[in-house]
Amino acid sequence: MTRTIVLPTLLACLLAHPAVAIAAPCDDAALHRILAPIEGDDDTAVVDCDLELSPLMAAAITRSLSFVGAASSGITVDCDGGAIGSDDAPARLVFTSRRIGSSAIDGLGIWEPVTDVTVRDCEIHGRVLIRGMGTGGWNDEVTRSSHIPLGHVQRVREAAPRRITFDGVTFVGVGGIPIYVAIGVEETSVVRSSFIGWALKAAIYLDAESRGATIRDNTFDVSTSREIIALDGSSENRIIGNRFSRLEHGGIYFYRNCGERTTVRITPPQDNEVIDNIFYYNRYEGPNPAVFFGSDNGYSTHRFCYRDLDYPYGSGLDDRDYARWNVVLHNQVVGRSPDDVFHTEWPAANTPNHVEANESVVSAVSRPAGCHAPGARDTRFLAHGASTEVVSDRDGRPYEAPVEVSCFDGDLAYASAPQLRAVREVPFSCSQSHDNAGCDGVVRCPDESTLVGAHAACNLEHGPVTDDALASVPRDTLRVVRASDIARQGRCWIGTEGGAAGEVPLARALRGGAEMFGCREHDRNGGDCEIRGVAYCVDP
């Protein structure tokens, strides 16, 4: 989402992340290890020091460069304009986590991620892979096993790399995906860079449960066989100030690959920003969109969707993409109309999205980026240099007092730290025993107050929801603490959101003064279920 700053910024920037050790420069022994020719199966060099390369040294690298765990955290690779790899011998840079112990869940392990690495002023002919738990891919048994117990999203994010930055890099595609961001990876940045060459798939692929990438001020002039940027169940990313050409196979696609590798995909592609980009159309007049909400949507269009049917949550319960609450603002489309190239498939599942102030132009104008201002009184879009007041957060939860925000080239600056208005907590519950009809009820906010959220726990077999089980559920979440023995024969819900297992997000799903809730479970001798929760209400 739009990066938010509370002024003054200097101290905030210094305190933004936990301390990361400053790496020492690579000594002669480390340089020799990195630059040594490949010998047999020994084709990888671990980088654990600041690597300053001359163009001649960069060209001498033939090994895959591996950045692993804490030992590689906090380092910088600077090529001084030199090229790593070639069309005949592609480079491979891999950022991954190191297994450091066993977890309470058999087989998953405890992982130490690599963080805070910067690669700058390099020309990379080949691929960049940013991986997390296990190998970080859907064919990895550790990652696939993680989605079965509760807490998969949090687990893979904690295990995956964070804050890997590419600044001023030229990515030369030689067939593979130039940048693949794997499951759970957070805060990847690709800035002031360019993409050329060709890729069999996308130029940047943001995989499931990843979030918070910044793709900014880049030029995409790469030939692809599909969309240029794929957001496959990835959220809270910022795509700002980029220039896109060669759009014959599409631009930025929002979707969720249901069932791939028999793994449930949980997070929808939501809360992403596409602001002040330029989409160039020279000759292409075909149907592939520049921005596409719901490009899969699970309706017989994806060959994997049936493979996660055994799991009644996420894409196992519902194959649709749910590309919602994204913003597409102030973009320029050269040679075509935004209405023609910004497309939503299956609007029932892939709305709302906020699409505003985009324009068709004959020639593009370079300009500072505007900002998305959720919760603003009068407009959601702020041009560079403009200010307004915000009265709530992005989920609609009101602040105690309005806060002035200003836009500075894509970043929001808050005049003071906003404080959420105090909420009243209203408990609700219902239960049923030996009756397949289940139970339901209505949670109402008192005294004309407004419902702004809830958390709840649900048991879809025998036994009640305990106080501890309810207290452990995060805000704005519905958690099934016990699924039905035949999972698809049970369901609990609040408002329009519900599920048979796992966790369901409730943010922005509850509004007004009241909502329905309930549970239902089917047995031959009558079903048993209980739902307990706490609703949050704020005074008018």
Side-chain angles (χ1 to χ4, degrees), residues 21 23-100 109 111-137 139-143 159-161 164-166 169-182 185 196-201 205:
C26 293
D27 58 20
D28 289 345
L31 286 173
H32 177 76
R33 170 170 45 85
I34 292 167
L35 298 175
I38 294 174
E39 296 182 3
D41 295 334
D42 181 17
D43 62 353
T44 299
V46 174
V47 182
D48 55 8
C49 49
D50 275 347
L51 182 57
E52 295 190 13
L53 299 169
S54 68
L56 189 62
M57 294 166 67
I61 294 175
T62 57
R63 295 172 176 267
S64 295
L65 300 183
S66 183
F67 304 79
V68 185
S72 296
S73 294
I75 71 173
T76 297
V77 177
D78 191 326
C79 300
D80 193 26
I84 301 176
S86 66
D87 291 356
D88 297 327
R92 182 179 165 99
L93 279 65
V94 182
F95 301 80
T96 190
S97 302
R98 183 173 70 93
R99 185 166 183 160
I100 58 174
W111 298 86
E112 174 190 83
V114 59
T115 69
D116 302 283
V117 176
T118 297
V119 178
R120 67 163 62 102
D121 201 15
C122 296
E123 184 175 297
I124 300 174
H125 295 246
R127 300 188 65 190
V128 169
L129 307 173
I130 308 176
R131 297 171 167 172
M133 180 184 290
T135 62
N139 58 347
D140 173 63
E141 192 60 37
V142 174
T143 307
I164 309 301
T165 297
F166 302 89
V169 173
T170 299
F171 295 91
V172 183
V174 293
I177 300 171
I179 299 182
Y180 171 68
V181 176
V185 172
I196 58 176
W198 63 284
L200 286 173
K201 297 183 179 180
Y205 197 105

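We number each residue from 1, following the sequence as shown.
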Results of side-chain contact (heavy atoms from CB on, under 4.5 Å) for [X] - residues two or more places apart only:
| X | answer |
| --- | --- |
| R63 | A36, I38, D42, A45 |
| D27 | A29, A30 |
| A160 | V185 |
| S66 | T44, V46, V68 |

Heavy-atom check, side chain of [X] versus side chain of [Y], under 4.5 Å:
| X | Y | answer |
| --- | --- | --- |
| P55 | D80 | yes |
| P161 | V114 | yes |
| I34 | L65 | yes |
| L53 | I61 | yes |
| L51 | L31 | yes |

Inset, instruction - Kindly write out the residues that satisfy side chain to side chain donor-acceptor pair (under 3.5 Å) with T170, not counting sequence neighbours, or none if the list is empty. - result: S194
How many angstroms lie between [atom1] in [X] and [atom2] in [Y], if you round to the nearest 0.5 Å?
| X | Y | atom1 | atom2 | result |
| --- | --- | --- | --- | --- |
| I179 | Y205 | CD1 | OH | 15.0 Å |
| T96 | L129 | OG1 | CG | 9.5 Å |
| T62 | D43 | OG1 | CG | 9.0 Å |
| T76 | D50 | OG1 | CG | 5.0 Å |
| T115 | I164 | OG1 | CD1 | 7.0 Å |

Legend entry - For E52, salt bridge (Lys or Arg N to Asp or Glu O under 4.0 Å) partners two or more places apart: none
Inset, instruction - Apply salt bridge (Lys or Arg N to Asp or Glu O under 4.0 Å) to D78 and list each qualifying residue two or more places apart in sequence or on a separate chain. - result: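 None.
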What are the two closest heavy atoms between [X] and [Y], and how far apart are they?
| X | Y | result |
| --- | --- | --- |
| G74 | V117 | N-CG2, 4.4 Å |
| V119 | V169 | O-CG2, 3.5 Å |
| V174 | G126 | CG2-CA, 3.8 Å |

Inset, instruction - Provide the full list of ring pair (Phe, Tyr, Trp, His ring centres under 6.0 Å) pairs with a residue in residues 41-84, sequence neighbours left out, each pair given once. - result: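 As it turns out, the ring pair (Phe, Tyr, Trp, His ring centres under 6.0 Å) pairs with a partner in residues 41-84, which skip direct neighbours, are F67-F95.
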Legend entry - Where at least one partner belongs to residues 31-54, residue pairs that pass ring pair (Phe, Tyr, Trp, His ring centres under 6.0 Å), sequence neighbours excluded: none
Legend entry - Under 3.5 Å donor-acceptor, S97 side chain and A159 backbone: yes
Inset, instruction - Using modelled atom types only, decide if a donor and an acceptor are shared between the side chain of E112 and the backbone of G69 within a distance under 3.5 Å. - result: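 Judged by distance alone, no pair lies under 3.5 Å.
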Legend entry - Residue pairs passing the disulfide bond (SG atoms under 2.5 Å apart) test where at least one lies in residues 48-99, sequence neighbours excluded: C26-C49, C79-C122
Inset, instruction - Could I get the full list of ring-ring contact (aromatic ring centres under 6.0 Å, His included) partners for F171, not counting sequence neighbours? - result: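 ring-ring contact (aromatic ring centres under 6.0 Å, His included) list for F171, sorted by chain: F166, F195.
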Inset, instruction - If a pair satisfies salt bridge (charged side-chain N to carboxylate O under 4.0 Å, His left out) and one of its residues is in residues 117-129, list it, with sequence neighbours excluded. - result: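 Of all non-adjacent pairs touching residues 117-129, none passes salt bridge (charged side-chain N to carboxylate O under 4.0 Å, His left out).
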